[in-house]
Protein chains: 2
Amino acid sequence: MDVSPRLLVVRRGQEEESFHRGRAVVATATGETVVAIGDAEAPVFPRSAIKPMQAIPLVASGAAETFGLTDAEIALACGSHVGSPLHVATAQSILKKIDLSCDALGCGVHWPLDSGQTRALAARGEEPTVLHNNCSGKHSGFLAVGAVRGLDIAGYTKASHPIMREVTNAISLLTGATLDEAQACVDGCAIPAFSMPLVSVATGFARLGTGEGLSPVFASSVARIRSAIVKNPVMLSGEGRFDTCVTAGCSGEVFVKSGAEGVIAASIPALGYGLVVKIDDGAHRAATAVMAELLLYVLQKHSLVSTKAREMLKGYACFQLKNWNGTNVGSAQPILFDGP
Amino acid sequence: MDVSPRLLVVRRGQEEESFHRGRAVVATATGETVVAIGDAEAPVFPRSAIKPMQAIPLVASGAAETFGLTDAEIALACGSHVGSPLHVATAQSILKKIDLSCDALGCGVHWPLDSGQTRALAARGEEPTVLHNNCSGKHSGFLAVGAVRGLDIAGYTKASHPIMREVTNAISLLTGATLDEAQACVDGCAIPAFSMPLVSVATGFARLGTGEGLSPVFASSVARIRSAIVKNPVMLSGEGRFDTCVTAGCSGEVFVKSGAEGVIAASIPALGYGLVVKIDDGAHRAATAVMAELLLYVLQKHSLVSTKAREMLKGYACFQLKNWNGTNVGSAQPILFDGP
């Protein structure tokens with residue numbers, strides 16, 4: 001098998017302590033590869049990075065319109081939120097509009113992704129509910145599709161359920177990947193998880209950014225999703241988190257979505273580019289640094305980055321490691337184009 | 001540079017999702033290499049894995065004896081604890097015996113390593129103190145060395161301070177590595193961090209297990225440390241954690257200590273072996289699985305493992321990945337000796 005290149009080096013003082021290998025692709029809506037670092041064709045599970053694709057049926061089915069979902073609610077359906085009171089309330093609001101309780105959600109319960117939110121919840125003497133699950137917005141969106149279609153929602157997380165078939169079909173149309181329902185694996189939130197070539201994820205994010213190659217309904221649906229996300233970046237993740245800060249900090253030029261196991265995808269609509277990073281070992285710290293460096297490279301090349309956005313991205317790409325006393329003890333640096 | 005072999009594969013369903021590369025060594029007290037997977041000579045920062053070596057001056061200086069430290073307190077000085085009330089009280093007890101308050105500790109403050117302990121602390125409306133720092137026992141031990149030696153403890157975390165010189169000297173004598181104080185990096189808890197060949201860490205753990213090649217004082221000190229650890233494995237880390245469970249589960253045949261960035265070291269005194277694993281990317285999930293597999297291999301070869309210990313180690317080596325609903329969604333499997 002191909003050995004992926006080293007993409008991030010972590011140093012203690014000036015000495016190398018750890019490093020991460022991985023792959024990255026920038027592609028257009030037609031699947032043309034603009035940048036390929038490592039094997040662009042080898043498979044990846046995009047996981048939650050493709051939530052904006054999984055939210056397409058919510059808009060395309062007319063559910064968002066029928067139930068009067070706000071942009072914030074649509075953005076939450078595209079997000080992996082950190083379980084703040086705002087996120088929980090937004091998921092609840094979607095469910096209220098479709099006349100369901102949170103008992104209908106099949107994503108399971110976990111403590112908030114954000115440690116500060118977890119401590120705040122514990123300090124209030126509360127336990128997490130299914131609404132704190134980072135996927136509660138996405139699942140509420142699925143149930144809205146079921147509601148507008150008049151479907152029985154029992155077993156809605158199964159690959160063979162009509163809601164999931166609609167979701168899988170959207171992913172397939174966006175990415176161009178053939179997805180075999182019978183071969184579906186299971187994601188963290190119980191819905192089908194499919195692997196696909198890395199370049200397909202980038203292609204899908206190019207299409208999310210432009211609508212190119214999509215039907216009129218899908219093209220207008222991705223436009224609504226894009227607009228909802230860039231107006232509500234906090235719904236993608238949460239205050240201070242990578243997806244939220246990069247999407248907010250790039251002033252609508254970019255939107256970014258992370259998934260588990262070291263995957264992050266992004267779209268630059270003005271260029272018609274989709275971007276994706278997969279770290280071999282699944283490390284999020286490396287995926288964020290590498291995606292920031294890749295965005296910097298592409299945006300600078302096309303003069304699409306403000307001074308402020310450039311500094312923000314640089315801060316994610318190269319960063320100091322501090323110890324508990326706040327002393328600098330090392331650094332992390334991406335090596336996308338000229339590394340050993 | 002050499003590419004490290006793949007040591008752990010993480011699958012979703014039957015498909016590969018992520019994998020970890022790394023290196024592992026089993027060596028004797030004379031530095032003879034029994035097993036070498038990947039480059040045994042390339043450097044590693046052993047980080048907290050070598051806390052049992054850093055605790056040697058606490059015993060060798062006579063401080064443990066003078067101040068009447070218990071086995072539990074000595075074990076805590078070798079541990080990276082999870083900040084439970086028991087751990088906090090034990091660190092406090094060391095400080096009380098040397099007539100210092102926790103203000104003397106220079107390791108910094110962080111929320112407990114264990115998320116359950118963090119939530120419990122938050123639920124009590126408390127904030128962490130320096131005693132919750134996973135290194136508070138080790139630092140209390142350092143201060144005990146200063147107390148018995150009558151040293152000024154100001155700046156005790158600096159490489160040039162007499163306490164740290166004594167600690168660095170102990171590491172050097174155990175590992176055989178030449179450690180240049182002027183080249184010291186800084187660890188998470190502010191003390192010096194040195195890199196050394198991976199095999200040196202294994203050699204040091206072989207010596208920790210047998211005392212072979214050490215002065216009489218050091219040999220009796222490591223015997224006391226070994227005894228303290230195997231009687232108090234919970235002080236190494238905490239309930240349910242790898243170091244504690246493996247040390248407890250192997251009935252005194254093994255002790256194990258993890259460090260940051262994917263390092264774990266272990267000792268099998270009866271065989272005179274030291275073991276060490278370094279995962280290239282720093283992932284603890286891979287280090288635990290690979291160390292469990294390596295221990296299984298060595299212990300089984302020498303018929304030193306009970307049925308119960310074997311099952312425990314197998315559970316750490318190969319494990320199911322479950323989602324928030326408790327459904328099996330994948331697995332992780334080490335591939336130490338025959339992997340692709």
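Order of the sequence lines sets the chain letters (A, B, ...), proteins ahead of strands, with each chain counted from 1. Remember, it's a predicted structure, so these values are computed and weren't measured experimentally.
From D280(B), atom CG reaches atom CZ of R21(A) across 7.0 Å, with rounding to the nearest 0.5 Å.
Nearest heavy-atom pair, K278(A) versus S18(B), reported as atom, atom and distance to 0.1 Å: NZ-OG, 2.9 Å.
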- prompt: So E261(B) and R12(A), salt bridge (charged side-chain N to carboxylate O under 4.0 Å, His left out) or not? Walk me through it.
  reply: CA-CA 11 Å; E261(B) 292 292 335; R12(A) 184 151 298 266; 5.8 Å; no

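The residue among I279(B), L321(B), D281(B), T118(B) with the most heavy atom pairs within less than 4.5 Å of chain A is D281(B). Taking chain B as the reference chain and counting heavy-atom pairs below 4.5 Å, the highest number among A120(A), A122(A), A283(A), S115(A) is found for A122(A). In terms of heavy-atom pairs under 4.5 Å with chain A, the best-connected choice from G13(B), G108(B), G125(B), P43(B) is G108(B).
Of residues 180-193 of chain B, those residues with a non-hydrogen atom less than 4.5 Å from any non-hydrogen atom of chain A are, in numerical order, Q183(B), C185(B), V186(B), D187(B), G188(B), A190(B), A193(B).
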For residues 327-336 of chain B, please give each side-chain donor-acceptor pair under 3.5 Å, one per line with the distance, not counting sequence neighbours.
residue : atom : partner : partner atom : Å
N328(B) : OD1  : K322(B) : NZ           : 2.8
Q333(B) : OE1  : R11(B)  : NH1          : 3.3

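Residues forming a ring pair (Phe, Tyr, Trp, His ring centres under 6.0 Å) with H110(A) (at least two apart in sequence, or on another chain): W324(B). Here E126(B) pairs with R124(B) under the salt bridge (Lys or Arg N to Asp or Glu O under 4.0 Å) rule; sequence neighbours left out.
Of the atoms belonging to C107(B), it is backbone heavy atoms, and not side-chain ones, that fall under 4.5 Å from chain A.
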